[in-house]
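Have a look at the structure below, then the notes.
Just so we're on the same page: letters track the sequence lines, and every chain starts at 1. Owing to the predicted nature of the structure, the values given are computational and were not obtained by experimental measurement. Just so it is clear, the values below take in all heavy atoms, side chains as well, and ignore hydrogens, waters and symmetry mates.
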Protein chains: 2
Amino acid sequence: MFKDFKLIAGRPVYIQVKDYMKHLIIKSALQGGQKLPSTRELSTLLKVSRNSVISAYESLEDDGFAYTVQGQGSYVSQGAAAQSGPEAASWTLDWTERLSSQALLAEELDIMKRGIRAEKGTISFTSIAPDERLFELDQVRRAFLERMSVEGNVLLNYGYAKGYKPLIDYLKQYMEHKGVDLRGKDLLITNGFTEGFDLVLSALGKRHGAVVCENPTHHTAIKNLKLHGFGIHGVTMERDGIHLGELKRALEEREFDCAYLVPSYHNPTGIVMSPEKRQGLMKLMQHYNVPVIEDGFNEELRYSGAHVAPLIAAAGGGNSVIYLGSFSKVLFPGLRVGWVLADQELIYYLESVKRARTIHTSTLDQSILYQYLLGGNLEKYLKKARLEYKRKYELTLACCTEHIPYASLSGDGGLHLFVTFAEGFRTRELLAACHAQGVIFTAGDIFFTDGTGQNTLRLGFSRVADEDIRRGIEIIGRTARQLMRG
Amino acid sequence: MFKDFKLIAGRPVYIQVKDYMKHLIIKSALQGGQKLPSTRELSTLLKVSRNSVISAYESLEDDGFAYTVQGQGSYVSQGAAAQSGPEAASWTLDWTERLSSQALLAEELDIMKRGIRAEKGTISFTSIAPDERLFELDQVRRAFLERMSVEGNVLLNYGYAKGYKPLIDYLKQYMEHKGVDLRGKDLLITNGFTEGFDLVLSALGKRHGAVVCENPTHHTAIKNLKLHGFGIHGVTMERDGIHLGELKRALEEREFDCAYLVPSYHNPTGIVMSPEKRQGLMKLMQHYNVPVIEDGFNEELRYSGAHVAPLIAAAGGGNSVIYLGSFSKVLFPGLRVGWVLADQELIYYLESVKRARTIHTSTLDQSILYQYLLGGNLEKYLKKARLEYKRKYELTLACCTEHIPYASLSGDGGLHLFVTFAEGFRTRELLAACHAQGVIFTAGDIFFTDGTGQNTLRLGFSRVADEDIRRGIEIIGRTARQLMRG
């Protein structure tokens, strides 16, 4: 005994001694009622200071693993050892038999468990997360320290389901500056877009059991719509957004509980819906009385042209649009903060659903984000990020045009481009062939609502170095041509 | 125009100028194509530096709200104004008609929307949140800065659904030191206990549609069980935990999908289940093959006696217990971090459900907590917190004994006591009468699974000052006696 004790850095020695002794007690190497070595003895055995052992014994006592007999020393508490042997009630279940269909479906649709893992050295176009090298850590640090000094105790205790008030107010104004009429609306803070979408789908009754959306669309949205039991009707994308004629036919044919739409830098096509189409779209939705869930995805990553107001702005004083916002693709996805801006009555109910799910979003995340935004850091950061992403966007676009034998290419900004090959081409085969050469991307079929899209792929460029963009796309293009010839 | 501009502190002036101009553009006070005042002119009008106006105009341009004509000045972009008037597709829906039964039920069961609001000066025994004055902000600050300097960029980008690896490993060891056999088990990080419970209930198939639990029990658990459509069978509490005879009869009579149990510092009774009863309980559950969801609530707030191993430890190498852990009642609830320790196959599915819900828990929260724990701060904090809470616990206990005409009183530690009056006494009436005198507590009926408990109340003392504990309990006691006489 006491031979396998090893110190690690960054953790107080006395805690390590306590942990070690606990381990021995748990494993019954030291038994209930047994006397522990004297502090002097143990300090020699473990080669640590006697003070560390004294503190360790005190801490063992605090945790109820040992007790002191005055003048005699420390003893192991009865019952502290792990239960094992005949007295343990140790039985095993087959959990897979007991899982809900939702859990099974969540696993089945979990593309993180299906995708190709990028080995070291692989050029990967699969991510559309921000490039972390652009993050300004000093500003985040400062925001944290400022907020902590103002109200640290409050930040660390329970907050409110609706969110951190200063952030709610900030984001309301932020949305007002996108042209949103706030009258009759309210805002709920969520753990990113995903929770917001999940809460809204939970709160929405299934009167018709179906949702209309763009085809292709965000694969997480497809997953969550399926998990909530909604049928999905996808409508073809045109170069300037959803096909209105086809949408009209769909709305004519059957009833939908809502539409899910990504009007700006649409995932995966990168298309920004034109202002005219937004107007036409909203008129249609109004005519058929179908509410809209608007995914404000990447709205901030506009590289040129005039501001395009979100759909919720086009709805004026109406309450028919639920806007889901997030800075995850722009700022820091590690801070899980998003928001739902919608009718105040609806938000009142969403708040209760949110409270039942996660109580509230991390107050620390919210307060850091608030302080960061208040200090004008988003503007500074966006200036830098837009410049860098625009450069990468143009490089990727140029490389695609030069190397890839595509049928069509889209992407008006944001962090990715979408490539469509001729009918019959299979990007899964292309992916396999490229993977063998150390290049991967996202096969586009996962974004399609109707099992098509086998001839498409998405290229995320935000985290790929320039020379890798060039080399990767050259390989994709060359391999595609080989497959076309083959 | 330009008269109502007012500067606030803490936000760069140029951003405030930009915000102000955006506001005018959105409201069509400045219209598309209209020339903006010259920078010199606006700086005079708004009484800000010309540089601020120049930066504001640049930033307006970055956001697509303005454009520059070389040599002529800045102009408002077309289409940036909010949509209003005849062209807006503004219609209203009745959202309450479209809500799911789950959303309606979540609102109905949302006691935060039903409880009495504590006006300033009220002595409130309703909270069992930690006392934020005990928080050691310096340690949290240090943990943040240390983690940020090691891997700030990584922390701010996307993490993993399962959690932040160093924290997962730390908590596994932490649980091992409570006597848990980790073989075949895995750990998932969640947004506190509530998300963990919600995920587990989502993942659990409703083969029998019923859950057995203690009566009374944690009201959030009751709410979430109902929201998930489970029937709830509550089993009477004895002084040392759940009534095993009654539990046996319940298990005999019908099948349950699982048990939900709070063995330590049970909410609301504050009872710690005895080690013997834990053994007996687990034997019963094994016999009837019913898995257990164990709520590790407050396990750290033991003020005296030997360490009592959690049920998951009593289950040895078996996989039948799902342990839900959290430091929210001990450390910082504002950091939304909890964990599920369970069978590894089950965790594999829970991970996918978690990913579909919230992608992952705030990496910043997780990494701060990890660094805080690694540095041995929990031990130091617990030493201080236990001392303080124990003192308050004893004071509250003494005051109750002196003043309150209870039939029974329980609470072995933790942050609250539970008072039961004679049959027929109504604590809702007592609450109304005390509220009129500036004292509130939690009426106990909300914790009961069968509509009983009208003669009970919970007293949370963690955030009440000593003199308020004395004064508040004296008032409760006096008022109770008056009601009994009346």
Can you tell me which of [options] forms the most heavy-atom pairs within a distance under 4.5 Å of chain A?
{"options": "Met148(B), Lys113(B), Lys383(B)", "result": "Lys113(B)"}
{"options": "Glu58(B), Glu345(B), Arg141(B), Met282(B)", "result": "Arg141(B)"}
{"options": "Val353(B), Leu364(B), Leu204(B), Leu281(B)", "result": "Leu204(B)"}
{"options": "Gln371(B), Gln16(B), Met285(B)", "result": "Met285(B)"}
{"options": "Glu300(B), Lys18(B), Gln78(B)", "result": "Lys18(B)"}
{"options": "Ile15(B), Thr363(B), Asp62(B)", "result": "Asp62(B)"}

Could you tell me which portion of [X] (side chain, backbone, both or neither) has an atom closer than 4.5 angstrom to a non-hydrogen atom of chain B?
{"X": "Val321(A)", "value": "neither"}
{"X": "Ile322(A)", "value": "side chain"}
{"X": "Ser77(A)", "value": "side chain"}
{"X": "Asn224(A)", "value": "side chain"}

Based on non-hydrogen pairs under 4.5 Å, which of [options] is most in contact with chain B?
{"options": "Gly10(A), Ser149(A), Ala161(A)", "answer": "Gly10(A)"}
{"options": "His177(A), Glu195(A), Lys178(A)", "answer": "His177(A)"}
{"options": "Ser352(A), Gly318(A), Gly184(A), Ala342(A)", "answer": "Ser352(A)"}
{"options": "Glu146(A), Gln102(A), His287(A)", "answer": "Gln102(A)"}
{"options": "Gly159(A), Ala356(A), Ser127(A)", "answer": "Ala356(A)"}
{"options": "Phe65(A), Trp95(A), Phe332(A)", "answer": "Trp95(A)"}

Chain A contact via [X] - which portion, at a heavy-atom distance below 4.5 Å:
{"X": "Ser59(B)", "result": "side chain"}
{"X": "Gln173(B)", "result": "side chain"}
{"X": "Leu137(B)", "result": "both"}
{"X": "Leu373(B)", "result": "backbone"}
{"X": "Arg463(B)", "result": "side chain"}
{"X": "Val337(B)", "result": "neither"}
{"X": "Lys206(B)", "result": "neither"}
{"X": "Ile347(B)", "result": "neither"}
{"X": "Pro275(B)", "result": "neither"}
{"X": "Leu156(B)", "result": "both"}
{"X": "His360(B)", "result": "both"}
{"X": "Tyr348(B)", "result": "both"}
{"X": "Val13(B)", "result": "neither"}
{"X": "Thr361(B)", "result": "backbone"}

Are the side chain of [X] and the backbone N or O of [Y] linked by a donor-acceptor pair below 3.5 Å?
{"X": "Ser100(A)", "Y": "Ser202(B)", "answer": "yes"}
{"X": "Asp110(A)", "Y": "Met112(A)", "answer": "yes"}
{"X": "Asp131(B)", "Y": "Arg133(B)", "answer": "yes"}
{"X": "Asn157(A)", "Y": "Pro130(B)", "answer": "yes"}

Under the ring-ring contact (aromatic ring centres under 6.0 Å, His included) test, residues paired with Phe193(B) that sit two or more places apart: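 So Phe193(B) forms a ring-ring contact (aromatic ring centres under 6.0 Å, His included) with Phe197(B), His218(B).
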ring-ring contact (aromatic ring centres under 6.0 Å, His included) against Phe144(A), all qualifying residues, sequence neighbours excluded: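 Partners of Phe144(A) by the ring-ring contact (aromatic ring centres under 6.0 Å, His included) criterion, ordered by chain and then number, come out as Phe144(B).
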Can you tell if the side chain of [X] reaches within under 4.5 Å of the side chain of [Y], non-hydrogen atoms only?
{"X": "Tyr158(B)", "Y": "Ser328(A)", "answer": "yes"}
{"X": "Tyr349(B)", "Y": "Thr96(A)", "answer": "yes"}
{"X": "Leu99(A)", "Y": "Leu346(B)", "answer": "yes"}

So does [X] pair up with [Y], basic N to acidic O under 4.0 Å?
{"X": "Lys22(B)", "Y": "Glu176(A)", "value": "no"}
{"X": "Arg355(B)", "Y": "Glu351(B)", "value": "yes"}
{"X": "Asp19(A)", "Y": "Arg11(A)", "value": "yes"}
{"X": "Arg98(A)", "Y": "Asp257(B)", "value": "no"}
{"X": "Arg357(A)", "Y": "Asp198(B)", "value": "yes"}
{"X": "Arg336(B)", "Y": "Asp365(B)", "value": "no"}

Heavy atoms of other groups near Tyr160(B) OH, more than 12 under 6.0 Å: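 Atom OH in Tyr160(B) is not packed in, count stays at 12 or less.
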Phe135(B) vs Val154(A), side-chain contact (heavy atoms from CB on, under 4.5 Å): CA-CA, chis, key distance, verdict: CA-CA 10 Å; Phe135(B) 294 165; Val154(A) 174; over 6 Å; no
